[in-house]
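This report concerns only the one structure given below.
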Amino acid sequence: MCGRFRVARSKELLEAAFSAEDALEEIEWTPRYNVAPAQDILVVRQGSLGKVRRLSLMRWGLIPSWAADPSIAFKMINARAETIAEKTAFKEPFRFRRCLVPADGFYEWRREGKQKLPFCFSLLDESLFAFAGVWERWKGPKGISIESCSILTTASNELMQDVHDRMPVILPQDAYDRWLDPDCVSAPDLQPLLKPYSASAMRRFRVSQRVNHVKNDDAECAAGIDAM
DNA sequence: CCAGACGTTGTT
DNA sequence: GTCTGG
DNA sequence: CCAGACGTTGTT
DNA sequence: GTCTGG
């Protein structure tokens, strides 16, 4: 699965990499090394008109539009790619509200007794990539409106197997257009994009247990340590 | 028709 | 809101 | 995901 | 054990 990740890049760099604009120039963003559920994260969406891509901040953990209160989001940080087209909470977001979630690494833990040992997974060249995401808008009382999102998961590849049997869906660049196209509403056209990323294009390394604590959000979280 | 669920992961 | 179960 | 809290009443 | 907060 995916419950913590890294986006250690500036907003300007993300805008350039995804040809996405923060149209209103109102997003405040600093490079992040330890992003956790319920926090605001950057996503890339695309409109029908002119296919313009925009950068937005939204809460990680999807709140279905019909939810009585936002607490359900704690269980909705991921969506299974295999069933996303059928599940009530994700069906509509999957058809009509897909997004990219920029990242440059993610963390997974291996339990050893009482210890939780974190690994960082990234691309071989440490380049930027994108998780497949879906989003939703929730309207609460008093005119409160919250946009939130989930990151899709799939079976893990060989590199991850002994840490976890699930991994986030990483989209290759040539899949961005179709995933973001609001005019594509066909599950059979989309589902093939949702497969485990090539293990040979990724690397993994142990990181400090500092990353376990959400409040630690600095480069040290992503620094490799020798232990395997 | 109404009532009730609607989710994932990991662990047992 | 929408779907499933009864 | 992990860490940390997890309760009520009445009084100040 | 289970839920919430980050």
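Letters go in sequence order (proteins before strands), and every chain restarts at 1. The analysis underlying the following values was restricted to heavy atoms, covering all of them including side chains, and did not include hydrogens, waters or symmetry mates. Because the structure is predicted, anything quoted here is derived from the model rather than measured.
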Take the protein atom [atom1] of [X] and the nucleotide atom [atom2] of [N], then report the distance between them rounded to whole Å.
X	N	atom1	atom2	result
A:Glu108	D:dC2	CD	C1'	13 Å
A:Asn78	B:dT8	CG	P	9 Å
A:Glu92	B:dC6	CD	C1'	13 Å
A:Arg111	D:dC1	CZ	C1'	10 Å
A:Arg210	D:dC2	CZ	P	17 Å
A:Ile41	D:dC1	CD1	C1'	13 Å
A:Leu152	B:dT9	CG	C1'	15 Å
A:Met76	B:dT9	CE	P	12 Å

Would you list the atom pairs, donor with acceptor, under 3.5 Å between side chains in residues 63-72 of chain A and any protein atom, with sequence neighbours excluded?
residue: A:Asp69; atom: OD2; partner: A:Ser71; partner atom: N; Å: 2.9
residue: A:Asp69; atom: OD2; partner: A:Ser71; partner atom: OG; Å: 2.4

Salt bridge (Lys or Arg N to Asp or Glu O under 4.0 Å) involving A:Arg54 - partner list, sequence neighbours excluded: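 A:Arg54: no salt bridge (Lys or Arg N to Asp or Glu O under 4.0 Å) contacts found.
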Any pair counted as ring pair (Phe, Tyr, Trp, His ring centres under 6.0 Å), so long as it reaches residues 1-31 of chain A, sequence neighbours left out: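 Of all non-adjacent pairs touching residues 1-31 of chain A, those that pass ring pair (Phe, Tyr, Trp, His ring centres under 6.0 Å) are A:Phe5-A:Trp60, A:Phe5-A:Phe131, A:Phe18-A:Tyr176.
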Ring pair (Phe, Tyr, Trp, His ring centres under 6.0 Å) contacts touching residues 133-159 of chain A (sequence neighbours left out):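 Every candidate ring pair (Phe, Tyr, Trp, His ring centres under 6.0 Å) pair involving residues 133-159 of chain A fails, so no pair, neighbours aside, qualifies.
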Min side-chain heavy-atom separation A:Arg203-A:Glu126 under 4.5 Å: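 SC-SC contact between A:Arg203 and A:Glu126 confirmed.
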Side chain proximity check, A:Cys221 to A:Arg6, heavy atoms < 4.5 angstrom: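 A:Cys221 does not reach A:Arg6 side chain to side chain.
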Between [M] and [N], how far apart are the [atom1] atoms? Round to whole Å, please.
N	M	atom1	answer
D:dT9	E:dT2	P	25 Å
D:dC1	B:dT11	P	9 Å
B:dA5	E:dC3	P	14 Å
B:dT8	D:dC6	P	29 Å

Contacts of A:Asp183 that satisfy side-chain contact (heavy atoms from CB on, under 4.5 Å) - sequence neighbours left out: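 A:Ser48, A:Lys51, A:Asp181.
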Sugar-phosphate only, base, or nothing, as touched by A:Thr153 at under 4.0 Å among non-hydrogen atoms: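 Here A:Thr153 touches the backbone only, sparing every base.
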Sugar-phosphate only, base, or nothing, as touched by A:Ile77 at under 4.0 Å among non-hydrogen atoms: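 It contacts base atoms.
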Per A:Pro37 side chain, nearest of listed nucleotides B:dT8, D:dC1, D:dG4: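 Nearest to the side chain of A:Pro37 among the choices is D:dC1.
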Nucleotide nearest A:Trp66 when distance is taken to its side chain, options B:dC6, D:dA3, B:dT8: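 Closest nucleotide to the A:Trp66 side chain: B:dC6.
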So, using side-chain hydrogen bond (donor to acceptor under 3.5 Å, both in side chains) as the criterion, who are the partners of [X] when residues are at least two apart?
X	answer
A:Asn78	none
A:Thr30	none
A:Ser19	none

N/O (side chain, A:Arg166) to phosphate O (OP1/OP2, B:dT9) under 4.0 Å: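 Yes.
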Residues touching DNA chain B, which here means a heavy atom under 4.0 Å, drawn from residues 81-90 of chain A: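 Residues of residues 81-90 of chain A that come under 4.0 Å of DNA chain B are, in numerical order, A:Thr83, A:Lys87, A:Thr88, A:Ala89, A:Phe90.
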Range on DNA chain E touched by chain A - first to last nucleotide, heavy-atom distance under 4.0 Å: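 Under 4.0 Å from chain A, the extent on DNA chain E is E:dT4 to E:dG6.
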Range-with-range stems of DNA chain D (Watson-Crick or G-U pairs under 3.5 Å, three or more in a row):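 Consecutive-pair runs (3 or more) involving DNA chain D: D:1-6 with E:1-6.
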Only distances under 3.5 Å count here; give the side-chain donor-acceptor pairs of residues 82-92 of chain A to other protein atoms, sequence neighbours excluded, each with its distance to 0.1 Å.
residue: A:Glu82; atom: OE1; partner: A:Arg166; partner atom: NH2; Å: 2.9
residue: A:Glu82; atom: OE2; partner: A:Arg166; partner atom: NH1; Å: 2.8
residue: A:Glu82; atom: OE2; partner: A:Arg166; partner atom: NH2; Å: 3.4

Polar side chain donor-acceptor pair, A:Glu136 to A:Ser148, under 3.5 angstrom: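 The answer is no; no qualifying pair exists.
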